[in-house]
Amino acid sequence: MPELPEVEVVRRGLERAVVGRTIDTVTVVHPRAVRRHLPGGADFEARLAGRTVVSARRRGKYLWLPLDDGDALLAHLGMSGQLLVRPGAAPDETHLRVRLRFRDRLATELRFVDQRTFGGMALSDGGAELPAVISHIARDPLDPDFDEAAFSSAFRRRRTGLKRALLDQSLVSGVGNIYADEALWRARLHYARPTETLRRGQVDAVLAGAREVMAEALEQGGTSFDSLYVDVNGQSGYFDRTLEVYGRAGQPCSRCGTPVRREAFMNRSSFFCPSCQPRPRRPRL
DNA sequence: CTATGAACCTGACAGC
DNA sequence: TGCTGTCAGGTTCATA
């Protein structure tokens, strides 16, 4: 699921439902879900048993559960992953990939469900503070330690298109296709604007747009168009009703009335207002 | 370094 | 009904 707000909704759910509990039995139902755990599924199952979850953390779209021995259980939801807290007696989901049972009297277990299996889990050695495999992921705009000045200069140093840079998780994390389009609409900038032509204030506007739209989405429980994007209890958010351009091709821009346009870009869709966000003279993709 | 395309998967939906 | 093609909130790798 997806972008920062939706992942943060899940993190909060894990914080309430899983922190403080000791893992008992882990079952890898589909090996692909732990392909990033190089020692393999059996190792993953065996080594998690008996460990206690200490907290629930997130950077960008990655989640991890620090364990009492300093290691961490890392998870990424990919395009369709869900972390669900379900009664142990509940029937298995069609796309159940990993099950974690706990050593307590609570009747719930944690399930990693993922239709497309782009997501996955791994055990990170000594990764409680920050798992090594995600050390290249930049801080996200809602992180209190996010360095705006460093971001702005690194951003403008890139010689690429604006949206491509915004989606680069090593520059700023957590922004995906929906919130990139929404942030660009708020900043009134076109996705193909060359980064090197941006003034400092425009970079700030994009970042502010991203931060605002993601914070608003978070307040509403995240964005979901369907049952694929849900919290740990399987509930959908409501932010789809507030999106200004994403998925709104042909509908009038709320600022100027011009129909929102959809264009294919980077093997996906970009939505923008052709009036508020005019194409640059020399677009850069 | 930058850009592109493909790969990894399953399912929903539109159109014929 | 059933086929085909398109699309989907992501990341990574190989190739120019």
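Source: prediction; values computed, not measured.
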**Report entry** Residue A:Tyr246, side-chain atoms from C-beta onward, closest of B:dC9, C:dG9, B:dT2
**Finding:** C:dG9

Query raised in the report: Taking only N and O in the side chain of A:Thr117, is any of them less than 4.0 Å away from OP1 or OP2 of B:dC8?
Result: no

Query raised in the report: Among C:dG10, B:dG11, B:dT2, which nucleotide sits nearest the side chain of A:His95?
Result: B:dG11

Query - Heavy-atom check, side chain of A:Arg268 versus side chain of A:Leu167, under 4.5 Å - result: yes

Report task. Indicate, with a heavy-atom threshold strictly under 4.0 Å, whether A:Tyr62 touches base, sugar-phosphate, or nothing. Result -> sugar-phosphate

Query raised in the report: Of A:Glu196, A:Arg200, A:Arg199, which meets side-chain contact (heavy atoms from CB on, under 4.5 Å) against A:Arg156?
Result: A:Arg200

Report summary line: The residue, A:Thr160 or A:Arg35, whose nearest nucleotide of DNA chain B is more 5′ is A:Thr160

Requested in this report: Using whole Å, report how far CZ of A:Arg116 lies from C1' of C:dT12.
Outcome: 15 Å

List every contact pair, protein side and nucleotides 14-16 of chain C side both N or O, where the distance is under 3.5 Å.
none

Report task. Using whole Å, report how far CD1 of A:Ile134 lies from P of C:dT12. Result -> 11 Å

Query - Rounded distance in Å - CE (A:Met79) to P (B:dA12) - result: 15 Å

Query raised in the report: Where the side chain of A:Arg32 is defined as all heavy atoms beyond and including C-beta, which of C:dT11, C:dG9, B:dC8 is the nearest nucleotide?
Result: B:dC8

Query raised in the report: Within the pair A:Arg36 and C:dT11, is there a side-chain N or O less than 4.0 Å away from OP1 or OP2?
Result: no

Query raised in the report: Should the pair A:Phe265 and A:Tyr191 be assigned to parallel (<30°), tilted (30 to 60°) or perpendicular (>60°) ring geometry?
Result: tilted

Requested in this report: Let me know the distance between CE of A:Met266 and P of B:dT2, rounded to the nearest Å.
Outcome: 13 Å

Query raised in the report: Taking only side-chain nitrogens and oxygens of A:Arg262, does any of them come within less than 4.0 Å of OP1 or OP2 of C:dC7?
Result: yes

**Report entry** Basic-acidic side-chain contact under 4.0 Å: A:Asp114, A:Arg32
**Finding:** no

Query raised in the report: Is the charged tip of A:Arg248 near the ring of A:Trp185: under 6.0 Å from the six-membered ring centre and within 45° of its axis?
Result: no

Query raised in the report: Of the nucleotides B:dT10, C:dG10, B:dT4, which one has an atom closest to the side chain of A:His76?
Result: C:dG10

Query - Options B:dT10, B:dT2, C:dG10, nucleotide nearest the side-chain atoms of A:Arg158 - result: B:dT2

Report task. With heavy atoms under 4.0 Å as the rule, sort A:Asn267 into base, sugar-phosphate or nothing. Result -> base

Report task. Say whether A:Phe272 and A:Leu198 are linked into one hydrophobic cluster, either directly or through other cluster members, by side-chain heavy-atom distances under 4.5 angstrom. Result -> yes

Report task. Could you please name the partner base of C:dG9, counting Watson-Crick and G-U wobble pairs only when both distances are under 3.5 Å? Result -> none

Requested in this report: Check whether any side-chain nitrogen or oxygen of A:Lys61 sits under 4.0 Å from OP1 or OP2 of C:dT11, and answer yes or no.
Outcome: yes

Query raised in the report: Taking O4'-C1'-N9-C4 for purines and O4'-C1'-N1-C2 for pyrimidines, is C:dG10 syn (within 90° of 0) or anti?
Result: anti

Query raised in the report: Is there aromatic stacking of A:Phe118 against B:dC8, centre distance under 5.5 Å, plane angle under 30°?
Result: yes

Report task. Using the C1' atom as the reference point in each nucleotide, state the distance between C:dG9 and B:dT4 in Å, no decimals. Result -> 22 Å

Report summary line: Between NZ of A:Lys163 and C1' of C:dG9 the distance, given in whole Å, is 11 Å

**Report entry** A:Gln169, nearest nucleotide to its side chain (from C:dA8, C:dT11, C:dG10)
**Finding:** C:dT11

Query raised in the report: B:dG11, B:dA3, B:dC8: which one has an atom nearest the side-chain heavy atoms of A:Arg164?
Result: B:dA3

Requested in this report: Could you check how far CD of A:Gln82 sits from C1' of C:dA8, rounded to whole Å?
Outcome: 14 Å

Report task. Could you measure between the two P atoms, the one in B:dG5 and the one in C:dT6, and give it in whole Å? Result -> 15 Å

Query - Length of the line joining A:Leu74:CG and C:dT11:C1', which is rounded to integer Å - result: 13 Å

Query raised in the report: Any side-chain N or O of A:His30 less than 4.0 Å from the OP1 or OP2 oxygen of B:dC9?
Result: no

Requested in this report: Please work out if A:Ser224 contacts a base, only the sugar-phosphate, or nothing of the nucleic acid, heavy-atom cut-off 4.0 Å.
Outcome: base

Query raised in the report: Could you state the CG-P distance from A:Leu4 to C:dG10, rounded to the nearest angstrom?
Result: 12 Å

**Report entry** Minimum-distance nucleotide to A:Gln115 side chain [options: C:dG10, C:dG9, B:dT10]
**Finding:** B:dT10

**Report entry** Backbone of A:Phe271 reached by a side-chain donor or acceptor of A:Asp181 within 3.5 Å
**Finding:** yes

**Report entry** Electrostatic pair A:Arg241-A:Glu216, nearest N-O below 4.0 angstrom
**Finding:** no

**Report entry** P-based separation of B:dC9 from C:dC13 [nearest Å]
**Finding:** 15 Å

Requested in this report: Test the A:Arg21-A:Phe102 pair against the cation-pi criterion, namely NZ or CZ under 6.0 angstrom from the six-membered ring centroid and within 45° of the ring axis.
Outcome: yes

Report task. Could you point out which residue of A:Arg105, A:Arg101, A:Arg103 forms a salt bridge (Lys or Arg N to Asp or Glu O under 4.0 Å) with A:Asp24? Result -> A:Arg103

**Report entry** Complement of B:dC9, any strand, by Watson-Crick or G-U distances under 3.5 angstrom
**Finding:** none

